[in-house]
Structures are given as structure tokens and as C-alpha cells.
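Data block below; observations after.
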Amino acid sequence: MSFFKKIAKHYVASEAIVQEGRLHKSVIEHGSSNEDEKLGNVNVDVEPVDSDDSTATYTYVDLSLHLTPEEIHYRETSKWFKFKRFLWDGVGRHPKEQTYLLKLDFFFLSSACLGYFIKNLNQTNVTTAYVNGMEEYYGMYNNQYNYVTTAFTVGYIIGQIPSNLILHRLKARYYLGTLEIIWSILTLLMITPGKDNIKSIYVLRFFIALFESAFFPAFEYLVGSNYSTAEISKRSAFIAISGVLSSIISGPLQQAILKRFAHSGIPPFKWMFIFDAIISFPIGIYTFFANPNTPSTTDVWYFTHEDRLVGLERRKNAKAQLNTRVPYSWKIIKEFFNTWHIYVFPLMFLAYNNTCSAIGNPTFQLWLKEDLHTSSYAYNTWPSVVFAVGVVVTVFIFYTNDFLGGKTNVYIVSSYFISLTLGCIFLAIWDIPVGLHWFSYFLVGVPTAYGQPGIVSWMNRLLLHNDMKRNFVIVCTNTLAYVTGAFVPIFVWNTNSAPRYFVGFTYTAVLATVGLILVLLAQYLALRDESRAKEKDAESEEQNFSPIAVNQKE
């Protein structure tokens, strides 16, 4: 065996180099060879690799399919095949890629969904507790609920950017798993403040948010790092749905707690925090074992050496940046501000996040409780129907979006803002028929399940080629959304105006209209960039095939 072949084989077999996305470092340093070295069933091209070059022609694993004309005809005409492909996009792929995608969906997606579930359960439990005894226990009659929300939001804002810069340098599974365990402990401590110590609630909510702040942008970044543009939407949707499920479960769980612990020495609403902590802790442990990091840094136990090569090949085929450990610098960060993404998407997500308050605040529950005078069972469980409908709609929308190539985000996000605008206009009027009142809460509640994945998967798809920029834009997008959330609710969702909230619903209708304008602007700019890229490619091809270029090659 030649000297170069020995070097190539040695370094391709090294998992440490796979984890750093530098499979062929030795070949780069000592010279290159165009011959392939076969390692088991893996064909690895030992051509020199630039990990930042998404247009390179090297191959980690051959995932191409060699279909017969009969198989091609079956795939094009069979409704059963198309239905299976609709349900799971791994159908019809290379067997090695199918195995990889199954593992990724089972472990990574379950970890992301469980983590986001407990994160949102921790956020919604305060709202649920507020209408189930917390208000009376702490005497929260002068906007203290909004102060609790503000304390949480401030902690969330402060923690996001530093946390995700740390994530860019550490193993995601260890970092995020540790954060989950810490916030579960802090949630348990929510039972300790006495009646005259609501300030401790503010402090605890601040630190819970500080440790939760990295979670959402981190997992959305990892979704974009592990899936292709045609796979992202439904995975982002599943993560969002898991958050919605926490809203569905929170009310009925509190109702069950009220019934079971009505005569407990601890106020029943505090048992909600105990159960949240019990649920959260093992999920944090699970994250240690299930989160795969990125394809270029993964060392997770369930991926074989071949699986890791498949992950890199998928990223290369998607024309995505492979090396996810490039250090940040001021020069790189300044370049992020040279395109429209860093300006439009954060404002759009701010509009989404703030308009969610129309259902995120206990608007629906307080209407049922104070205007319709329903029982605790009704105002704790009936709102779950709104979120359940949102789950069904979201699944259908994003399965369809991925099946169509992931290019309908503009319509999905537009429908969110249109629904919020109409629903909030009706609720601002308030003196409307009861049936229209019900319908309005569905208009402002159901779309909240699909607005978030619609925006985030759109960002992931447009910025797939630049890993650092994608991470930075996602973090800034989520951070800005919470900046206004730190003080706006105190003015527009003043609890003294409950349950009418005229200012809150009017503000939300206006903000949703602004959000719709931003969606149309983003679509225009995205199409403009796509058109420019096509023109550039056409010019490049024309130059390559010009008579002068051909003569020079000859």
C-alpha cells in the first residue's frame, strides 16, 4: 500500500477527526491522492477537503441511488409510495441514509421535543397557577403578575446571546442537559416563598429564565444543522407542538392537582411546580445521551463511524457549511449585518412573539371565569381544545410544506398574522355575540402553534450555507422578541383591565398587521436574492463555456 493510502486510511478511520470535520487533515498536510480507499462498506474520497466549502466534490459516503426504469416509474406513479414519503421523508432514500435519519428522528427529535415541552410547561405553569390560587395567596392585585413576567423576560434576554456563544464552543448535549437540570431545581424552589415574599418569586423566575434562555434557539440551530431544507419544517413544527402540548396539559394537570391536594398543607397551586420539577429532571439526564450535537462535532453513542460520515455527506449535498466550530470574530459578526436577514427576521419574530400574548396571557381563562362564570374545571380544561386544534393544523401544514419542498413558509406565516389581526379586532370590540367571542379565541390561539416553526424554518432554509450567521440570526431574532416583552405587558395587558383588555387586543391587532408587512418584505427580498444567484450562476456557466475559456483549458 502506498504511503499516501496508508495516511488516508489511518485518518479516515479516526473518529476524533470526524468530530472536528477534518477527516482528511493528514492528506492536506502531506499531499493529496485522487484514489479512493474502501473501508468496509464506506467509500471515502481522499481528495483534500476544505470543511467550509459546501460546493466541494469530495465524497464521504456514496448515497446515490441506482434505480431501474421500473422503480423510477413506480415512484412517479404510485400513490402509496407518495403517501409513505409524505408521512416520513426517509422513504425512498439510500438505506444508509434511512438508518441515519431514523436514529436522528428517534433520539434527537425526542430530546428536543421533551426539552421544549418542560421549558414551556415551566412558563405556562405560572399563568395556570395565577388563576388557581396564586393571585389570592400572594395578593397579586396590582400588576404583580406582569412583574413576574417581566422578571422572567429580563433573565431570558440577558442569557440568550452569551449562552449560545458558549454553545458554539461546547458539546450541546452536556451543556443543554445541565441547563435543564438546573432549571428543574429552580422550579422546585418556587414552592418555598411565603405569602409575604413575592419578591423571591421575581428572583426565581429571573434565574429560571436565565438558564432556559439558550434552549429554544439552540435546538432550532441544531435542527438546521442536522436536517436538509426539505426536512426542517416538520421537525421545527414537532418542537413547537411539544410546547403547545404543555399548554394543553397545564390546565388539566392543575385541575387534577386541585382535586387531589385540596386539603394539603401546601397550597394546591404550588404542587404544579413540584410536578414540573419531577418531570423535568429525568429529561435533562436524557439530553446527555440523546442530543447529537452537529454532524461535524458529533460523538454520540448511537451513531457509528459510518453514520457520522453519512451525516457529513448529507450536509455536503445540502450545500451547507460543514465546519461548525469556526471561532467568532468581530470581522465575521460585522459581515452578518450586511444582508437583510438580521433586520427583517428579528422584527418579524418580535411581532409573532408579542402577538402570542393574546392567548398566552390568561385572557381566555379569565373570560370564562369572570364573564361566563364557569367552574374551575371549565376554565382549566376548555382552553386546551384551542391548543389541540392548533396541534392538528400545525402537523398538516408542515407535513405538506416539506412534501412541497419547504417553500410555502410565506403563506403559513402570513396566515398567522391575518388570523391574529382579525381575532384581536373582534376581541377589542368585545361586545360581540358569544359565538363570535369563542371563534375569536380560536383565531388568536390556534395559529400560535404554527407561527414559530414557520418563521424559524424559513430562516434555517435561507441561511443553511452559513452556519455561524444562521446561529447568530436565530439568537438575535429570539432575543429581540423578548426585549419588548420585558415592559410592554405592564402597559398593554394591565391586569386591572381584565378580562376585556381593550388596549392589549388593539395593540396586538396593529402589531400583527406590521408582522404581515414584514413577511411580504422578506418574501420579496428572498426572491430577489434567489434571482441574483441564478443570474450569477448563469454568468459563471457562460464564462466557463466561452471559446476563450475552452481554448485556455485545452
Side-chain angles (χ1 to χ4, degrees), residues 87 109-110 112-132 216 233-259 272 275-276 279 283 352-353 355-369 372 374-401 412-413 415-420 422-424 426-427 434-454 456-457 499:
L87 293 180
L109 207 55
S110 63
C113 290
L114 288 170
Y116 197 58
F117 170 82
I118 60 171
K119 174 189 176 298
N120 279 270
L121 190 63
N122 282 334
Q123 286 185 246
T124 57
N125 61 20
V126 171
T127 301
T128 307
Y130 176 74
V131 296
N132 285 282
F216 169 72
S233 293
K234 71 169 70 69
R235 273 79 181 187
S236 291
F238 279 125
I239 295 175
I241 286 169
S242 65
V244 176
L245 288 175
S246 68
S247 300
I248 295 174
I249 291 173
S250 184
L253 178 60
Q254 184 67 63
Q255 181 61 29
I257 289 171
L258 286 172
K259 185 176 180 180
M272 188 74 179
F275 276 90
D276 286 354
I279 296 170
I283 293 175
Y352 159 76
N353 185 275
T355 52
C356 284
S357 296
I359 197 71
N361 282 294
T363 53
F364 192 16
Q365 293 96 319
L366 290 175
W367 176 65
L368 293 171
K369 181 180 180 179
L372 300 189
T374 59
S375 65
S376 64
Y377 173 82
Y379 62 72
N380 274 322
T381 57
W382 290 359
S384 297
V385 177
V386 175
F387 300 116
V389 173
V391 168
V392 175
V393 172
T394 300
V395 170
F396 176 77
I397 284 176
F398 286 103
Y399 263 83
T400 303
N401 184 46
I412 294 170
V413 183
S415 71
Y416 167 83
F417 286 118
I418 291 171
S419 295
L420 266 291
L422 292 175
C424 287
F426 293 142
L427 291 171
V434 174
L436 183 56
H437 221 122
W438 277 95
F439 181 65
S440 297
Y441 282 113
F442 274 83
L443 279 177
V444 301
V446 170
T448 57
Y450 64 76
Q452 173 185 298
V456 178
S457 64

inquiry  = Please give me the minimum heavy-atom distance between A449 and G390, naming the atom from each residue.
reply    = CB-O, 3.6 Å
message = Within the 4.5 Å heavy-atom criterion, are F216 and Q452 side-chain neighbours or not?
response = yes
query = Does Y416 reach the main-chain N or O of Y352 with its side chain, forming a donor-acceptor pair under 3.5 Å?
reply = yes
pair P453-I239: side-chain heavy atoms closer than 4.5 Å = no
Note, V391 side chain near F387 side chain (heavy atom, < 4.5 Å) = no
query = What is the minimum heavy-atom distance between F398 and S457, and which atoms define it?
reply = CE2-OG, 4.4 Å
query = Less than 4.5 Å apart, any side-chain heavy atom of L427 and any of W367?
reply = no
inquiry  = If I take atom CZ from residue F117 and atom CG from residue L114, how far apart are they, to the nearest 0.5 angstrom?
reply    = 8.5 Å
query = Just checking, any donor-acceptor pair under 3.5 angstrom between side chains of Y441 and T363?
reply = no
By salt bridge (Lys or Arg N to Asp or Glu O under 4.0 Å) - contacts of K234 (at least two apart) = D89, D402
ask   = Looking at CG of N120 and CG of L245, how far apart are the two atoms once the value is rounded to the nearest 0.5 Å?
value = 10.0 Å
ask   = Between I283 and G115, which heavy-atom pair has the shortest distance, and what is it?
value = CG2-N, 3.9 Å
remark   = Rounding to 0.5 Å, atoms CD1 (I241) and OG1 (T394) come to a distance of 5.0 Å
message = For a side-chain contact (heavy atoms from CB on, under 4.5 Å) check, start with the C-alpha distance between L368 and F364, then their side-chain angles and the critical distance, and finish with the verdict.
response = CA-CA 6 Å; L368 293 171; F364 192 16; 3.9 Å; yes
inquiry  = Using only atom types and a distance under 3.5 Å, with no angle test, would you say the side chain of S236 pairs donor to acceptor with the backbone of S233?
reply    = no
query = What's the spacing between I359 CD1 and F442 CZ if we round to 0.5 Å?
reply = 9.0 Å
note = Residues at least two apart in sequence or cross-chain that pass side chain to side chain contact (heavy atoms under 4.5 Å, CB included) with S110, listed by chain then number, are Y286
ask   = Do F426 and L443 pass the side-chain contact (heavy atoms from CB on, under 4.5 Å) test, and can you show the C-alpha distance, the side-chain angles, and the key distance before you say yes or no?
value = CA-CA 10 Å; F426 293 142; L443 279 177; 4.3 Å; yes
ask   = Side chains of F396 and Y450: does their closest heavy-atom pair fall under 4.5 Å?
value = no
task = Under the side-chain contact (heavy atoms from CB on, under 4.5 Å) rule, what do V386 and V446 come out as? Steps first, then yes or no, please.
result = CA-CA 6 Å; V386 175; V446 170; 4.2 Å; yes
note = In this structure, CD1 of I412 is separated from CG of N401 (nearest 0.5 Å) by 4.0 Å
ask   = Do the rings of Y399 and F238 sit parallel, tilted or perpendicular, given the 30° and 60° boundaries?
value = perpendicular
message = Ignoring hydrogens, what is the shortest heavy-atom contact between G454 and V413? Give both atom names and the distance.
response = C-CG2, 3.6 Å
query = Do any pairs count as a salt bridge (charged side-chain N to carboxylate O under 4.0 Å, His left out) and have a residue in residues 240-253, sequence neighbours left out, and if so which ones?
reply = none
inquiry  = Let me confirm one number: the CD1-SG distance from I118 to C113, rounded to the nearest 0.5 Å.
reply    = 12.0 Å
